[in-house]
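Read through the structure below, which is laid out as structure tokens, and then see the notes.
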Amino acid sequence: MQSKKNSQFPKIWPSKYPWLKHDSERDVMYCALCRKHNVDLGESTHNFCSGTDDFRLDLVNIHHNSEAHAWANCMEAASGSTPDTATTEQMLKSMSKETIGRIENLFRTCHAIAKTGRPFTDLDWMCKLDDMKGVNIGSVFRNDKAARIFIHFIAEVERRTLKEKLEKCKFFSLISDGITDNAVTEPALVYVRFALQGKVHCQMVGVQSVDQYDASAVKNAILKTLQTNLQLNLPSQDWARKLVGFGSNGADVMVGQNNGVAKLLKEIQPCVQSVHCLVHRLEMTYKAALKSIQPFTLLTGLLQNMYYFYHNSPLNKSNLKLAYEALRLRPAIPSRIAGSRWLPCLQTALQTLLKGYPAIVLHMSKIQEEPCSLNHQKAKDLLNLLQQMEIVKFSHFLMDVINVLNILSRVVQDQNSSIADVFATIQSTMEILKMYQTRLGPRERLVDTISHFHGHHLVGNGDISAVRLALLSNLLKQLRDCFCDASEEVLRASTIGSFKLWPDKIKEEFGETEVTVLTKYYEPVLECASVKVDEVETEWNMLKAELYNRYQSIRSLTWDSVNTDYFHKYPNILTLVDLVLTLPASSEEAARGFGQMKLTMMHLRSKLMLESVTDLMVIQMNSPDINQFDPKKAIQLWNISLQRKRRLQVGQWAVHREKSGCSSDSEWERESSFGSD
């Protein structure tokens with residue numbers, strides 16, 4: 001059969017190919033499925049969407065096995081789908097294995113692009129690479145527009161999953177922070193922290209721009225983020241009753257006494273505990289305590305100048321390494337003391353100075369002996385500071401202090417740390433600093449009575465007693481005010497939420513006062529969560545007795561394992577523990593989010609729309625790792641959305657045809673073809 005002039009449409013074909021139809025008026029055959037769903041991949045010679053007059057069996061078979069027809073079958077199977085698990089499985093089963101494999105590969109690639117912060121345009125060359133490796137990707141959805149769409153639905157799955165978790169939990173806290181950046185102007189990041197039967201979750205909700213950086217605008221941005229991304233109306237009674245905490249940085253707009261975001265949230269829920277970010281507070285405490293300490297100014301200036309002395313001169317760096325080799329020491333080049341991780345950076349710089357002191361002094365002494373050297377005067381000035389006894393002793397004293405503060409910083413930044421862990425660590429930190437007021441620390445004791453350090457004579461009397469007492473007093477004063485934003489009584493009571501703080505052996509009175517304080521303060525919230533407040537203290541004593549009788553090492557327990565074994569027996573006290581675990585210790589998660597957002601914007605080198613930034617951040621911060629990602633739910637959401645769009649297009653197309661009288665292969669149909677979607 002070569003044409004309609006010398007052959008007729010075979011009547012037996014529709015029984016084998018039910019999708020094949022015959023238009024008797026035009027004497028052409030067409031694919032009913034492809035026409036119904038406007039699937040047209042641009043077949044120029046034999047177009048089964050608009051119709052063809054070439055009645056050849058091999059062309060029918062080619063179209064039957066084509067990608068266009070596979071997509072039409074897929075959309076027909078899902079045309080009446082609803083977003084539930086059973087329909088998802090039926091839809092996926094109705095697809096061919098080849099079609100499922102192609103779309104899953106595309107979604108996995110897009111997830112990897114978003115997870116690593118790569119540009120959307122990377123999808124094209126990654127698909128070409130898959131072609132070269134023999135991976136069947138297909139010929140559609142290989143551009144940046146498709147990547148943006150797929151990434152949106154991957155993020156939407158994470159948002160829906162987060163909303164389901166929030167609906168199940170009894171309490172949650174908000175964490176928010178804001179910055180002004182060249183890439184994104186005044187955004188606010190919003191996180192939620194909650195506990196489900198002893199397991200703590202802290203996940204990102206979204207990014208929202210702030211028109212004017214004041215308390216009211218930031219609060220509205222937080223509410224809008226919750227509403228837009230999770231369809232969560234915070235002022236409603238159901239959600240307001242669950243809000244128990246708010247973590248933020250120390251800006252006045254967040255924690256201002258007169259008109260801060262924390263105060264505005266208390267109008268929604270009076271029981272909200274506002275916690276100033278401990279990482280930010282620790283930095284402010286440290287800087288305030290050292291602000292007027294002259295040896296600290298001299299020491300930081302010395303460390304900074306040493307860093308630039310070697311960092312800007314490859315010759316000096318190589319000669320310093322030779323000095324290390326001559327002394328048989330492990331090379332360590334002076335490092336910078338600035339940066340976002342200010343405490344670890346300063347700790348590393350001090351460790352390098354004290355361990356590499358003999359090599360550094362040896363190298364600078366050689367430069368000092370060469371008057372013709374360009375670095376002669378710089379080396380002489382640095383050497384004079386290095387040989388001062390006051391600087392050496394203060395360096396050792398500061399190392400003792402920083403080692404203590406660094407432990408506190410690590411606990412605060414740990415995602416698994418509760419407010420109880422942080423509060424207890426602050427108490428132990430203050431005890432150690434008080435001890436240093438009356439006795440020397442371990443590093444300082446090494447240089448208490450020396451006149452030489454690593455064989456080099458030191459000058460000066462080295463009396464730093466007044467300086468060290470002033471610094472320790474300032475630190476203690478600042479640390480006492482760390483929880484001034486929240487009720488200290490409630491935060492002290494939250495120590496029952498950390499097994500690390502439980503006594504080794506059972507004490508009858510342990511935790512009774514704390515449970516009473518918590519139940520009294522949060523009584524309205526607990527009652528709304530269906531907790532029987534009168535039974536909480538009884539359940540606490542019984543749970544405590546069972547745990548001590550069953551486990552030898554009480555401090556190795558976790559609350560999720562305890563919930564697994566005892567929630568059916570003691571649901572009220574374990575729900576109260578979930579509330580304690582929900583309270584935020586800091587806004588460090590938001591700080592991590594801003595760091596990740598800066599890296600993403602730096603990689604993309606462009607200003608994305610806020611919706612796309614939110615999608616990327618949600619995937620990067622909330623979604624599983626690349627090797628654990630399952631794209632089926634995202635494919636389901638995308639397919640449902642595609643079907644709704646198809647129905648809308650078909651309806652518009654029918655109205656357009658009725659008004660204009662255009663044929664099925666009109667320009668309107670070509671514009672709404674599958675390829676353009």
Side-chain angles (χ1 to χ4, degrees), residues 286-287 290-403 443-444 446-464 467-468 471:
Y286 177 78
K287 290 181 177 179
L290 295 170
K291 187 175 182 180
S292 58
I293 305 297
Q294 184 180 6
F296 176 76
T297 305
L298 293 175
L299 179 59
T300 52
L302 171 64
L303 295 173
Q304 191 73 3
N305 289 329
M306 282 175 53
Y307 166 71
Y308 288 119
F309 184 80
Y310 291 106
H311 179 75
N312 296 335
S313 174
L315 178 61
N316 290 339
K317 186 182 296 185
S318 61
N319 289 335
L320 178 61
K321 291 179 179 178
L322 293 175
Y324 275 110
E325 292 177 3
L327 296 173
R328 296 182 180 180
L329 297 176
R330 184 178 178 180
I333 308 300
S335 59
R336 62 182 305 189
I337 61 172
S340 56
R341 300 178 73 250
W342 52 275
L343 199 57
C345 287
L346 182 56
Q347 185 184 41
T348 303
L350 282 173
Q351 289 173 346
T352 302
L353 171 63
L354 298 181
K355 290 181 179 180
Y357 185 89
I360 294 172
V361 172
L362 176 61
H363 175 235
M364 290 190 176
S365 298
K366 290 182 178 180
I367 297 178
Q368 187 184 18
E369 294 171 359
E370 301 174 358
C372 299
S373 174
L374 295 175
N375 297 318
H376 171 75
Q377 188 60 43
K378 290 182 180 178
K380 183 179 179 180
D381 294 339
L382 293 175
L383 192 60
N384 288 335
L385 287 174
L386 285 170
Q387 293 177 335
Q388 288 187 19
M389 187 177 294
E390 183 183 21
I391 294 295
V392 173
K393 286 190 174 183
F394 186 81
S395 299
H396 285 78
F397 163 68
L398 191 61
M399 271 296 297
D400 287 330
V401 173
I402 288 180
N403 287 340
R443 300 302 298 268
E444 191 179 3
L446 298 175
V447 294
D448 182 32
T449 59
I450 65 168
S451 59
H452 291 73
F453 186 56
H454 287 290
H456 297 277
H457 180 70
L458 302 178
V459 297
N461 58 12
D463 184 12
I464 61 168
V467 170
R468 64 190 307 280
L471 190 152

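If you read the sequence from its start, that first residue is 1, and numbering goes on from there.
The side-chain hydrogen bond (donor to acceptor under 3.5 Å, both in side chains) check on Thr300 picks up nothing, with sequence neighbours excluded. With sequence neighbours left out, Leu327 forms a side chain to side chain contact (heavy atoms under 4.5 Å, CB included) with Leu329, Pro358, Ala359, Leu362. With sequence neighbours left out, the side chain to side chain contact (heavy atoms under 4.5 Å, CB included) criterion links Lys317 to Lys321, Ile333. Remark: Asn461 pairs with Asp463 by the side chain to side chain contact (heavy atoms under 4.5 Å, CB included) rule, at least two apart or across chains. For Gln377, the side-chain hydrogen bond (donor to acceptor under 3.5 Å, both in side chains) partners two or more places apart in sequence, or in a different chain, are Asp381. Arg468 is linked by a salt bridge (Lys or Arg N to Asp or Glu O under 4.0 Å) to Glu444, counting only residues two or more places apart in sequence or in another chain. In this structure His454 satisfies the ring pair (Phe, Tyr, Trp, His ring centres under 6.0 Å) test with no other residue, sequence neighbours excluded. Every side chain to side chain contact (heavy atoms under 4.5 Å, CB included) that Ser365 has, sequence neighbours left out, goes to Val361, Leu383.
The distance from atom CD1 of Ile293 to atom CZ of Phe394, rounded to the nearest 0.5 Å, is 6.5 Å. Ser335 OG to Leu350 CG: the interatomic distance, rounded to the nearest 0.5 Å, is 9.0 Å. Of the inter-residue distances, the one linking Leu299 atom CG with Ile337 atom CD1 reads 8.0 Å to the nearest 0.5 angstrom. Between the NE2 atom in His376 and the CD atom in Glu369 there is a gap of 10.5 Å [rounded to 0.5 Å]. Atom CG in Leu346 sits 3.5 Å away from atom CD1 in Ile402 (nearest 0.5 Å).
Smallest separation of non-hydrogen atoms from Ile360 and Pro334: CD1-CG, 4.2 Å.
A heavy-atom distance below 4.5 Å is not found between the side chains of Phe397 and Val467. Residues His456 and Leu386 are not in side-chain contact: their nearest non-hydrogen atoms beyond the backbone lie 4.5 Å or more apart.
Annotation: side-chain hydrogen bond (donor to acceptor under 3.5 Å, both in side chains) contacts involving residues 347-359, sequence neighbours excluded, comprise Gln347-Asn403, Gln347-Asn406. Within the structure, side-chain hydrogen bond (donor to acceptor under 3.5 Å, both in side chains) contacts touching residues 388-402 (residues at least two apart or in different chains) do not occur.
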Going through the distances and angles, do Ile367 and Asn319 end up as a side chain to side chain contact (heavy atoms under 4.5 Å, CB included)? CA-CA 10 Å; Ile367 297 178; Asn319 289 335; over 6 Å; no

For a quick test of your reading: what N or O donor-acceptor pairs under 3.5 Å do the side chains of residues 301-312 make, sequence neighbours left out?
residue, atom, partner, partner atom, Å
Gln304, NE2, Tyr308, OH, 3.3
Asn305, ND2, Gly301, O, 3.0
Tyr310, OH, His363, ND1, 2.9
Asn312, ND2, Tyr308, O, 3.4

